[in-house]
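Comments concern the structure below.
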Amino acid sequence: MQNIEGGITTDDLKKATAGGDSYIRTKNNVVVGLALRKDLNPDAPRVVIFGKGPRIQASAELLNLQGHAVPTYLKNGVNDWRYAGLYRAVCLSRTTSDIATYGASRPVDSVAGVLFLEEVDGPEVKVQGGIYGDAQSRKEIELAAIDFVTKVLQGRGFVVEDRQDDNCGYDLLAASEHKRLLVEVKGTDAPEPRFFLTRNEYQCSEVEKDWRLFIVTCARTKPFLHEYGVDEMRDSFTLDPLAWEATPSR
């Protein structure tokens, strides 16, 4: 069903998404598809509002944690659905501000949270090993860098919220009375800044004016902080792709 361009029926949709009538459809504890109505989710498929029932909250959590994209459909009308693409969750929020911003189409006391999705149009590349050490070393460097940056931000008067598990394109949300920063943290034991930037992080840097890159060099020995806005990052570093998708020439 993923190549459908026109409308499909409700029965066909059930077959494509393992049956059921929930807008987050699961099978064997895996989310297999989304069936969204614009009257209930006006910003779908990029934003999905979910309610307070235990079943739907569990499904929302499952989608946020499973990482991979699922086929997503939007309702056109009675017995008429349209395939919208493959979407995956990049962030789940239960903050009052996000619920107020995106949940206005529903009674506020009926909304449990908000899922933010991104469209996936190709394979992802994960970089591991190489000059960046083994998994244990990378984890220790990451923790040291996060801890150092958190203390620096707190020293500047920011309240810092850890968003690493939300996969939202940055690691720390730093807020003060007059300013907000979305901080992506990179750490290295080397004295020179060098890092990987994921597609999600790069996309976030392009759309969020408050996005910042904080690099901690010598993270486990003598940490030193390098700070960049988006323009400064582009001016200071050459961003080289490490892989290309190859398709047959026509």
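- Under a 3.5 Å cut-off, the side chain of K75 and the backbone N or O of D80 do not form any donor-acceptor pair.
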Between E184 and K186, does a salt bridge (charged side-chain N to carboxylate O under 4.0 Å, His left out) hold up when you go through it step by step? CA-CA 7 Å; E184 176 58 33; K186 301 295 181 182; 3.3 Å; yes
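- In the displayed structure, E206 atom CD is contacted under 6.0 Å by more than 12 heavy atoms of other residues, nucleotides or ligands.
- Atoms CD1 and CZ, on I99 and F50 in that order, are 7.5 Å from each other to the nearest 0.5 Å.
- Closest approach of S59 and V31 over heavy atoms only: O-CG2, 3.8 Å.
- Within a 6.0 Å radius of OH in Y102, no more than 12 heavy atoms belonging to other residues, nucleotides or ligands are found.
- Residues C218 and D189 have side chains not in contact (no heavy-atom distance under 4.5 Å, counting atoms from C-beta outward).
- Taken to the nearest 0.5 Å, the OG atom of S205 stands 11.0 Å off from the CG atom of L182.
- Heavy-atom neighbours of K179 NZ from other residues, nucleotides or ligands within 6.0 Å: at or below the threshold of 12.
- At least one donor-acceptor pair closer than 3.5 Å links the side chain of N79 to the backbone N or O of T10.
- Looking only at distances, a side-chain donor or acceptor of Q57 sits under 3.5 Å from a matching main-chain atom of K52.
- T217 pairs in a side chain to side chain contact (heavy atoms under 4.5 Å, CB included) with only one of the listed residues (P223, P193, P191), which is P193.
- In this structure the side chain of L117 reaches within 4.5 angstrom of the side chain of L63, judged on heavy atoms.
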Do D12 and T9 pass the side-chain hydrogen bond (donor to acceptor under 3.5 Å, both in side chains) test, and can you show the C-alpha distance, the side-chain angles, and the key distance before you say yes or no? CA-CA 5 Å; D12 286 338; T9 67; 3.3 Å; yes
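- Here Y228 and F237 bring their ring centres to under 6.0 angstrom of each other.
- F195 is not listed as a side-chain neighbour of T188, based on a closest heavy-atom distance of 4.5 Å or more.
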Please step through side-chain hydrogen bond (donor to acceptor under 3.5 Å, both in side chains) for the pair R163 and Y170, ending with a clear verdict. CA-CA 7 Å; R163 301 295 300 274; Y170 58 92; 3.2 Å; yes
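- For E227, the side-chain contact (heavy atoms from CB on, under 4.5 Å) criterion is met by R156, F214, L225, not counting sequence neighbours.
- We find the CG-CG distance between L92 and L62 to be 11.5 Å, quoted to the nearest 0.5 Å.
- Checking side-chain atoms of W211 against main-chain N and O of G169 turns up a donor-acceptor pair under 3.5 Å.
- At distances below 3.5 Å, not a single donor-acceptor pair connects side-chain atoms of T26 with backbone N or O atoms of N29.
- We find the CZ-CG distance between R212 and L153 to be 11.5 Å, quoted to the nearest 0.5 Å.
- In this structure, the separation between CZ on R88 and CG on N64 is 12.0 Å, given to the nearest 0.5 Å.
- Heavy atoms only, all atoms of each residue included: S176 and G157 are closest at CB-O, 3.9 Å.
- Contact annotation: the side chain of E142 approaches that of Q164 to within less than 4.5 Å [non-hydrogen atoms, C-beta and beyond].
- Within 6.0 Å of NZ in K38 there are more than 12 heavy atoms belonging to other residues, nucleotides or ligands.
- Counting only heavy atoms from C-beta outward, the side chains of S22 and I56 approach each other to under 4.5 Å.
- Interatomic distance, R138 CZ to F196 CZ, rounded to the nearest 0.5 Å: 9.0 Å.
- Contact annotation: the side chain of F158 never approaches that of L172 to less than 4.5 Å [non-hydrogen atoms, C-beta and beyond].
- Considering only heavy atoms from C-beta on, L13 comes within 4.5 Å of R25 through its side chain.
- In terms of modelled atom types and a separation under 3.5 Å, the side chain of D98 and the main chain of S93 share no donor-acceptor contact.
- Contacts of D39 classified as salt bridge (Lys or Arg N to Asp or Glu O under 4.0 Å), with partners at least two apart in sequence or in another chain: R37.
- Contact annotation: the side chain of L40 never approaches that of I49 to less than 4.5 Å [non-hydrogen atoms, C-beta and beyond].
- Put simply, the side chain of S110 gets close to the backbone of P107: a donor and an acceptor are under 3.5 Å apart.
- The side-chain hydrogen bond (donor to acceptor under 3.5 Å, both in side chains) check on Q66 picks up H68, with sequence neighbours excluded.
- Of all non-hydrogen atoms in P45 and A84, the two that sit nearest each other are CG-CB, 4.4 Å.
- Although no hydrogens or angles enter the test, the distance criterion places no donor-acceptor pair under 3.5 Å between the side chain of S236 and the main chain of R234.
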